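Quick notes on the structure that follows.
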There are 2 protein chains.
Amino acid sequence: MRISELSRRSGIPTPTIKYYLREGLLPPGRATAATQAEYDEGHLRRLRLVRALIGVRGLSVSATRDVLGAVAARAGELHQVLGLVLGARPVGDEAAPEDPPEGEVEALIGELGWNVSEHAPARAVLGETLETLRSLGAELDHASLLGYAELAERTAVLDLDQLDPRADPLEQAERALLLTVLLEPALLALRRLAQENESARRNT
Amino acid sequence: MRISELSRRSGIPTPTIKYYLREGLLPPGRATAATQAEYDEGHLRRLRLVRALIGVRGLSVSATRDVLGAVAARAGELHQVLGLVLGARPVGDEAAPEDPPEGEVEALIGELGWNVSEHAPARAVLGETLETLRSLGAELDHASLLGYAELAERTAVLDLDQLDPRADPLEQAERALLLTVLLEPALLALRRLAQENESARRNT
DNA sequence: CTAATATAGATAGTGCCACTATCCAGTATC
DNA sequence: GATACTGGATAGTGGCACTATCTATATTAG
């Protein structure tokens, strides 16, 4: 399939596809001549994945590239991928160079007995968010934090249940990415609906 | 307090504060003369809140304005605020005009017996996300969705426990906003850590 | 075989957004 | 009264995600 068909089947304008090719979000097609290349179903799938990450979850192009790169590089080690895949700060941010020990996060992970990589970006995200809340006077007490962590644990069990460990590793990793990232808005939406319901329940 | 002190105490440059004033994220100060106005602690608090919404959660300036407006307008009806506060699409998006009935979401809400407003934007967000997942071939079965919803329910209980129903309604609403919105990255980070842990556990 | 169409790759331009800089006339303060 | 600061207005900046155009080639319809 040539680029115009890729565009037609994905609904994405040709110039945008070229842009994604330049940015490395989409691997180049198999060149058949100086001005001709051939794309396959994999490209189409990848293109849809890219659009979902950018459009639904609001990742930036460069964050998307990083995430996809991480998945490709570590397709074999699914748990690394799951943990690492999203340094993706909501906004630029570029990870403050200062690296406070963030004892609270370490302690929590230790207390729960979680086995997670030292470098998981989620550690830093968690630490920063707790710090921000504290600085705004809305500190979370330890018991609540533990409660949230336990719910996260059960969410993760549900998440992992969606995966079929017998599938091809790369496909598996892409599916994990899809479920990890794209489910995020859905889980947050569920939380907001549940909050509204719970708030209504308490105020009657 | 004049604008320079507001800037010094918040760490935000004066021109940016002026920009927020223009954009309506911060109410104007009490004018004492043609070129003089007085700001108070409330302005400082609001400014920090704005920064947190924009910086930590990545809301756009206009989304932030909408959210703050909604909170101010409905400080009395906390549960409405909690549910409504975040139509905030991750990225522009502007809510597709097509409005499919989204029967799945309605059914879920009915099944759970949740009492939420007809117009809660979270309904649409949820519907769209499920639709996207389906179109990418990563559909969620009903049982899993129910599982996630039940976990959301328990998260909401924890959330509401953080609020003190005796506090001033506006302050209460702002705190709710803080906890709803700023906790989001933390909850997602917890989920990713838990995923990595669970994945490691299953693969040993 | 030719004319119309399509293509890869390169370069430049666009529109939006979140600031940031500058200017001005009017205080405030020393 | 000189200097610094202020509110308000207007204009400029840099980054980002595209989008448009151009050129040299390739394919294809007639």
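Predicted model, so just to flag it, every value in this text is computed and none were measured. These numbers come from the heavy atoms of this one structure, side chains and all, not from hydrogens, waters or symmetry mates. In the text below, chain A, chain B and the rest are named by the order of the sequence lines, each starting its count at 1.
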**OP:** State the OG1-CZ distance between Thr129(A) and Arg134(A), to the nearest 0.5 angstrom.
**Re:** 11.0 Å
**OP:** Measure across His43(A) and Leu26(A) and return the closest heavy-atom pair with its distance rounded to 0.1 Å.
**Re:** O-CD1, 3.6 Å
Subject >> Atom CZ of Arg65(B) with >12 non-hydrogen neighbours under 6.0 angstrom >> reply: yes
Subject >> Single hit among Leu49(B), Ile17(B), Val50(B) for side chain to side chain contact (heavy atoms under 4.5 Å, CB included) with Leu25(B) >> reply: Val50(B)
Find every protein N or O atom lying less than 3.5 Å from an N or O atom of nucleotides 16-20 of chain D, and list the pairs.
from, atom 1, to, atom 2, distance (Å)
dA17(D), OP1, Val61(A), N, 3.2
dC18(D), OP2, Tyr20(A), OH, 2.9
dT19(D), OP2, Thr16(A), OG1, 3.3
dT19(D), O4, Arg22(A), NH2, 3.1

Original post:
Once you round it to whole Å, what is the distance between P of dA6(C) and CD of Glu38(A)?
Top reply: 17 Å
Original post:
Atom CG of Leu21(B) to atom C1' of dA18(C): distance rounded to whole Å?
Top reply: 15 Å
Subject >> Value rounded to 0.5 Å, distance of CD in Glu128(A) from CG in Leu133(A) >> reply: 12.0 Å
Original post:
Side chains of Arg2(B) and Gln36(B): does their closest heavy-atom pair fall under 4.5 Å?
Top reply: yes
**OP:** Starting at atom CG of Leu25(B), determine the distance to atom P of dA18(C), rounded to an integer number of angstrom.
**Re:** 9 Å
**OP:** State, yes or no, whether a side-chain contact exists between Arg46(A) and Leu68(A) at a heavy-atom distance under 4.5 Å.
**Re:** yes
**OP:** Could you check how far CD1 of Ile3(B) sits from C1' of dA9(D), rounded to whole Å?
**Re:** 14 Å
Original post:
So does Ser4(A) get a side-chain nitrogen or oxygen closer than 4.0 Å to the phosphate oxygens (OP1/OP2) of dT7(C)?
Top reply: yes
Original post:
Between the two end axes of the helix from dC1(C)-dG30(D) to dC30(C)-dG1(D), each built from 5 base pairs, what angle do you get to the nearest 10°?
Top reply: 0°
Original post:
Which pair of heavy atoms, one from Arg9(A) and one from Arg48(A), lies closest together, and at what distance?
Top reply: O-NH1, 3.4 Å
**OP:** Kindly determine whether Ser144(A) and Gln162(B) satisfy side-chain hydrogen bond (donor to acceptor under 3.5 Å, both in side chains), including the steps that lead there.
**Re:** CA-CA 8 Å; Ser144(A) 307; Gln162(B) 315 282 321; 2.9 Å; yes
Subject >> Spacing between His43(A) atom NE2 and dT7(C) atom C1', to the nearest angstrom >> reply: 15 Å
Original post:
If you measure from CD on Gln195(B) to CG on Leu158(A), what distance do you get to the nearest 0.5 Å?
Top reply: 11.0 Å
**OP:** Mark up nucleotides 25-30 of chain C, 5' to 3', with B wherever a protein heavy atom is under 4.0 angstrom from a base atom, S wherever such an atom reaches only the sugar-phosphate, and - elsewhere.
**Re:** BBSS--
**OP:** Could you tell me the separation between the NZ atom of Lys18(A) and the P atom of dA8(C), rounded to a whole number of Å?
**Re:** 6 Å
Original post:
Starting at CE of Met1(B) and ending at C1' of dG7(D), how long is that distance when rounded to a whole Å?
Top reply: 17 Å
Original post:
When you look at Arg45(B) and Glu174(B), which way does the salt bridge (charged side-chain N to carboxylate O under 4.0 Å, His left out) test go after all the steps?
Top reply: CA-CA 10 Å; Arg45(B) 208 158 42 85; Glu174(B) 280 193 8; 3.0 Å; yes
**OP:** Quickly work out the Glu23(B) CD to dA18(C) P distance and round it to whole Å.
**Re:** 8 Å
